[in-house]
Asks: 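Below are the C-alpha cells for one structure; questions will follow.
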Amino acid sequence: MTRLISLFLLSSFVACSAAAQSDDAAYCKKLGDYATRYLGDAGGNGATRPDFDILDGTAKCNKGDTAGGIAILEKKIRSKGFTPPPR
C-alpha cells in the first residue's frame with residue numbers, strides 16, 4: 001500500500017513539474033513575440049525583426065533554459081519602459 005501511495009505522489013509531482021515547464025515555455029514564447037513586436041528593429045519589408053538581446057533570450061528559451069530566457073526578455077522589455085505581459 002505504501003508503495004502505491006509513493007508511486008501516486010511521484011507521478012503527481014512529475015505531472016506538476018511538466019506543467020510548470022510547459023507554462024514557462026509558453027510564457028517565454030509570449031515574451032519573445034511581445035519583445036519582437038514592440039521593441040524589434042524595422043525590417044526592409046515593413047515587418048519587425050528581433051535585436052540581439054531578443055534573439056539571445058528566445059534562443060535560451062528554445063534550448064530549455066526558460067529561466068534565463070525569461071530574465072533576459074523581461075529585462076529588455078522593462079529597459080524600454082514597457083511592462084511585460086502577464087503570465
Side-chain angles (χ1 to χ4, degrees):
M1 185 62 151
T2 58
R3 207 176 251 185
L4 183 60
I5 292 171
S6 299
L7 181 62
F8 175 73
L9 291 174
L10 179 64
S11 65
S12 64
F13 175 73
V14 170
C16 289
S17 296
Q21 289 174 350
S22 174
D23 290 345
D24 287 347
Y27 181 62
C28 211
K29 178 170 178 13
K30 186 177 184 179
L31 284 174
D33 293 344
Y34 181 89
T36 300
R37 181 175 184 179
Y38 295 108
L39 309 176
D41 299 325
N45 62 355
T48 56
R49 59 179 186 228
D51 67 5
F52 291 117
D53 292 331
I54 298 169
L55 287 173
D56 185 32
T58 55
K60 286 185 183 289
C61 291
N62 292 336
K63 291 179 182 175
D65 181 13
T66 54
I70 289 170
I72 290 170
L73 293 168
E74 284 183 339
K75 181 178 177 184
K76 176 70 175 182
I77 290 167
R78 285 192 178 101
S79 73
K80 297 295 183 176
F82 289 89
T83 302
R87 278 187 178 246

Asks: State, to 0.1 Å, how close Lys30 and Pro85 come at their nearest heavy-atom pair, and which atoms those are.
Replies: CE-CB, 3.9 Å
Asks: Would you say Ile54 and Leu39 make side-chain contact, with heavy atoms under 4.5 Å?
Replies: yes
Asks: Without swapping roles, check the side chain of Thr58 against the backbone of Leu55 for a donor-acceptor pair under 3.5 Å.
Replies: yes
Asks: Examine Ile70 and Tyr38 and state if one hydrophobic cluster contains both, with Ile, Leu, Val, Met, Phe, Trp and Tyr joined whenever side-chain heavy atoms are less than 4.5 Å apart.
Replies: yes
Asks: Please name the pair of heavy atoms, one in Thr36 and one in Pro50, separated by the smallest distance, quoted to 0.1 Å.
Replies: OG1-CB, 3.7 Å
Asks: With a 3.5 Å distance limit and no angle check, can you tell me whether Lys29 reaches the backbone of Asn62 through a side-chain donor-acceptor pair?
Replies: no
Asks: Which pair of heavy atoms, one from Cys61 and one from Leu73, lies closest together, and at what distance?
Replies: SG-CD1, 4.3 Å
Asks: If you define the side chain from C-beta out and look only at heavy atoms, does anything of Ile77 sit under 4.5 Å from Thr83?
Replies: no
Asks: Is the shortest heavy-atom distance from the side chain of Phe52 to the side chain of Lys76 under 4.5 Å?
Replies: no
Asks: Answer yes or no: is there a side-chain heavy-atom contact under 4.5 Å between Tyr27 and Pro84?
Replies: yes
Asks: Could you check if a side-chain atom of Arg87 sits within less than 4.5 angstrom of a side-chain atom of Asp24, using non-hydrogen atoms only?
Replies: yes
Asks: Looking at Gly69 and Cys28, what are the two nearest heavy atoms and their distance?
Replies: C-SG, 4.1 Å
